[in-house]
**Student:** 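Can you read through this structure? Questions will come right after.
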Protein chains: 2
Amino acid sequence: MSTGSAGPAAAPRPRDQADVRRHNAAAVMAALGAGPRSRAEIAAVTGLTRATVGSIVDELRSGGLLTEQGARVPRGVGRPGIDVALDPSGGAGVGVEINVDGLSAVLVDLTGNVRHRASRPGDQRDRRAADVLRAAARLVDEAIGEAERLGLVARGVGVAVPGLVDLDAQVLRVAPNLGWREIAVPERMTRAGAGAWPAVTLDNEANLAALGELWSGGAGSRDSFVLVNGDVGVGAGVVLDGRLHRGSRGFSGELGHLPVAPEGPECRCGARGCLEQVAGLDWILRTAGLEDLVRSGVDPMSALVAELAAGDAGANAGVAAAGAALGVGISALVNLFDVDTVVLGGVYATLFPWLEQPVRAVVDRRVLSARWAPITVRASTLGRDAAVVGAARSALRDILLDPLGGAAA
Amino acid sequence: MSTGSAGPAAAPRPRDQADVRRHNAAAVMAALGAGPRSRAEIAAVTGLTRATVGSIVDELRSGGLLTEQGARVPRGVGRPGIDVALDPSGGAGVGVEINVDGLSAVLVDLTGNVRHRASRPGDQRDRRAADVLRAAARLVDEAIGEAERLGLVARGVGVAVPGLVDLDAQVLRVAPNLGWREIAVPERMTRAGAGAWPAVTLDNEANLAALGELWSGGAGSRDSFVLVNGDVGVGAGVVLDGRLHRGSRGFSGELGHLPVAPEGPECRCGARGCLEQVAGLDWILRTAGLEDLVRSGVDPMSALVAELAAGDAGANAGVAAAGAALGVGISALVNLFDVDTVVLGGVYATLFPWLEQPVRAVVDRRVLSARWAPITVRASTLGRDAAVVGAARSALRDILLDPLGGAAA
DNA sequence: TGAGTATGTTTGGGCGCTGAACGAATATAG
DNA sequence: CTATATTCGTTCAGCGCCCAAACATACTCA
């Protein structure tokens, strides 16, 4: 087997009182994710007693993760509660996305607000990896500087890449659309950075986009959905029961090479009619006659949207065809994973108004269970930012999941 | 949303010391699943201290779930340990499978041994549901009687059905191949049963087969695999990280209606070229010229295997074609779920020698990641029994996961 | 026979949750 | 304006659980 982890018999850690505390502290943090609440309300939501909540809140407050807000306006009989909220200055996460069509970075605080944003558009395919990593490192340096200016401490850096990531080794194994292979992105970026950085973690962009969507969707932790991230490549991040499913080797959600057009063009991967070939950004732009824009540094999406809005026939037909192909892929996803929601992200979020109809038509036809239970297809609320924001928040996840350990460190 | 469960805000239960105990007791049971061990060995495997293990073992022993075996032959210097093992008489589970081609039942004890087995072959499609349920109930009565004779207490009954199950309501929503709709199987079987039955739980056969495979595969709890269950219909049970994935509405693994042959025959579901139509048992038997056997009560599988072994051209070609179609479906599964193992169950287990080559050929071609990491395709170790045994063991799962609660009740 | 080693049990200590009681702050009734 | 009801946050004893260490037990080896 290739479990890859340590331990002679994969011993599942035993559990003791400290785990109880950890779990309940995380539950308190989660309860505050939706907004400020009084201790009594937290107790009601989590099922803990007020005594326990009080004790946990004290501890988290002294750790700087929570703040007490002024007494709230009374809402009825009885002593009014004092709202407790996530402390915006309790820590921040930096997210960077390295993508084919540009770099971007954000700074997100504990409450989930984006406090800083920067990007460097432009095709990265013709640049050397070292140059790209240096540019990305500069964006991180900027973000960390901005954090200090805002009185925040950057607790971690998350990096999103369009490729296959070895999470244990923290190495980008292969990113076909960038033409990269075997690059230790976190290590090299840290070396290229100016100051002292917190821990840098690497992950796949579709996975991070799904996490970003999960956390800002506001939806509960029992959610199941698939985020289909469109760019030059097409990937899917799969969230089942509120947990990201990564697959046994990190290949999960490999949607881009699902065969959807038996007679379609040949793909880099050797097969024929891969989804990526007939629904990827390159194909869409080519159909719309905009392929030359990419290398010129202009953001081609604005041009495409302009053409679509203007009713350009070629562009509209191209996007509709891409939507139909995408629908086939989504149908397979839904049939196998049985999620009731599919979220379109990346460029698909931008193109959603033009994609929705063709996708829905195919899905309604091909998804068996659609007759009993409707399938929701919607655009990502974060739009093209899903992956960067997800990367930044994933850096904060450790704090939210283990607030005590995080505060102590 | 359709979370369906109770609670105002989907409150995740808080955790207290009792949960710690529960968790650790379950860890002890799990450590003994692989065979008898001394307390010190259990401590080493679980990471608990010897003191804690001693206390938990005492409690479970007085609950009748564990037994002390005679002092083991010393294996070196030092005081020899005393082996502790799951108590075979600590409880048993009854499994029943209601399928298109017959009924079967097993009795399984805590250690996983099948202690009793019975079946009623014959096509169930032309019988009334009430008659079928009565016959199934008789099999359960028999198994419970047999349990008493063996000194076992039947702790639960699991029922496997080839259809869509509403787990909360415990109702079979639809079983196309049986022609059943909206049947409260557990309730009706319990009424039809002779004596007092323990709790009856209903689940989909592919899911239960996957669970059966998981538990008897001996593999650890971090396993990910898909069990593709072949019968008249084709279903898949998906196990990710050792947990069965059911999907948000129980439709997960709906593989039978994946389009694999665009020009194929029309399916009951309305689409064209569904996998089930070109790889299901009916199609295989028809191609082999054995379709008449089904209604005659003879087990057609033996006849088919005989023809295959004899080198019958039609039979061999039919199975090879089914294997190719199956390979397409499996490829989609692997690409999306990223499991490294696919297990063939049901009739596919029986036909595995003839299916292996055609399936593997297609999978190697269509699964992207196969180049980096090999995909294992193997036959179920339980063969056609996977679902029944899984059903029986699922009835014991509550005990294994919550041994203290189970013992107290 | 005595030293050495590993197993199983006992004991004291610490930690975290619970439940009940208590003071604090507000609304409502008279 | 005062008294009562209600809700919030805190305090405190009690209990259960795990851990670490010491102790008793059983076997090997010299």
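In what follows, chains are A, B, ... by sequence order, proteins preceding strands, each numbered from 1. Predicted model only: the values in this text are computed from it and were never measured.
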**Student:** Specify the separation, in whole Å, of atom CD1 of A:I56 and atom C1' of C:dT18.
**Tutor:** 13 Å
**Student:** May I have the distance from A:D19 (atom CG) to C:dC17 (atom P), rounded to whole angstrom?
**Tutor:** 11 Å
**Student:** Please give, in whole Å, the distance from D:dC8 C1' to A:I42 CD1?
**Tutor:** 12 Å
**Student:** Just by modelled atom types, is the A:G95 backbone N or O under 3.5 Å from a matching donor or acceptor in the A:R393 side chain?
**Tutor:** no
**Student:** What is the distance from atom CG of A:D16 to atom CG of B:L48, rounded to the nearest 0.5 Å?
**Tutor:** 9.5 Å
**Student:** Look at all strands and tell whether A:S38 reaches a base, only sugar-phosphate, or nothing, counting heavy atoms closer than 4.0 Å.
**Tutor:** sugar-phosphate
**Student:** Regarding A:T201 and A:Q170, is there a side-chain donor-to-acceptor distance under 3.5 Å anywhere?
**Tutor:** no
**Student:** If every non-hydrogen atom of B:V159 is compared with every non-hydrogen atom of B:L208, which pair is closest and at what distance?
**Tutor:** O-CD1, 3.7 Å
**Student:** Whole Å only: how far is the CG atom of B:D58 from the C1' atom of D:dG16?
**Tutor:** 16 Å
**Student:** Distance check: side-chain N/O of A:T49 vs OP1/OP2 of C:dG19, anything under 4.0 Å?
**Tutor:** no
**Student:** Does B:R37 reach the main-chain N or O of B:A31 with its side chain, forming a donor-acceptor pair under 3.5 Å?
**Tutor:** yes
**Student:** Please give the angle, rounded to 10 degrees, between the axes at the start and the end of the helix from C:dT1-D:dA30 to C:dG30-D:dC1, where five pairs define each axis.
**Tutor:** 10°
**Student:** Is there a side-chain polar atom (N or O) of B:R39 under 4.0 Å from OP1 or OP2 of C:dT9?
**Tutor:** yes
**Student:** Would you kindly give the CZ-to-P distance between B:R22 and D:dG16, to the nearest whole Å?
**Tutor:** 15 Å
**Student:** When the nearest nucleotide of DNA chain D is assigned to B:A51 and to A:G54 on a heavy-atom basis, which residue is associated with the more 5' position?
**Tutor:** A:G54
**Student:** Between the protein and nucleotides 14-16 of chain C, list the N/O to N/O atom pairs that are separated by less than 3.5 angstrom.
**Tutor:**
from: C:dG14; atom 1: N2; to: A:Q17; atom 2: NE2; distance (Å): 2.6
from: C:dC15; atom 1: O2; to: A:Q17; atom 2: NE2; distance (Å): 3.3
from: C:dG16; atom 1: N2; to: B:Q17; atom 2: NE2; distance (Å): 2.3
from: C:dG16; atom 1: N3; to: B:Q17; atom 2: NE2; distance (Å): 2.8

**Student:** Do the side chain of B:N113 and the main chain of B:R115 share a donor and acceptor less than 3.5 angstrom apart?
**Tutor:** no
**Student:** Using whole Å, report how far CG of B:D83 lies from P of D:dA26.
**Tutor:** 17 Å
**Student:** What are the two closest non-hydrogen atoms of B:L396 and B:D109, and how far apart are they?
**Tutor:** CD1-O, 3.5 Å
**Student:** Base of C:dT7, side chain of B:R50 - is there a donor-acceptor contact under 3.5 Å?
**Tutor:** no
**Student:** Taking CG from B:D16 and P from C:dG19, how many angstroms apart are they, rounded to a whole number?
**Tutor:** 9 Å
**Student:** Record whether the side chain of B:R79 comes under 3.5 Å of the base of C:dT7 through a donor-acceptor pair of N or O atoms.
**Tutor:** yes
**Student:** Can you name the closest pair of heavy atoms from A:L152 and A:A92 and give their distance?
**Tutor:** CD1-CB, 4.0 Å
**Student:** Rounded to whole angstroms, how far apart are CD on A:E59 and C1' on D:dG9?
**Tutor:** 18 Å
**Student:** Give the minimum heavy-atom separation between A:E146 and A:L107, together with the two atoms involved.
**Tutor:** C-CD2, 4.4 Å
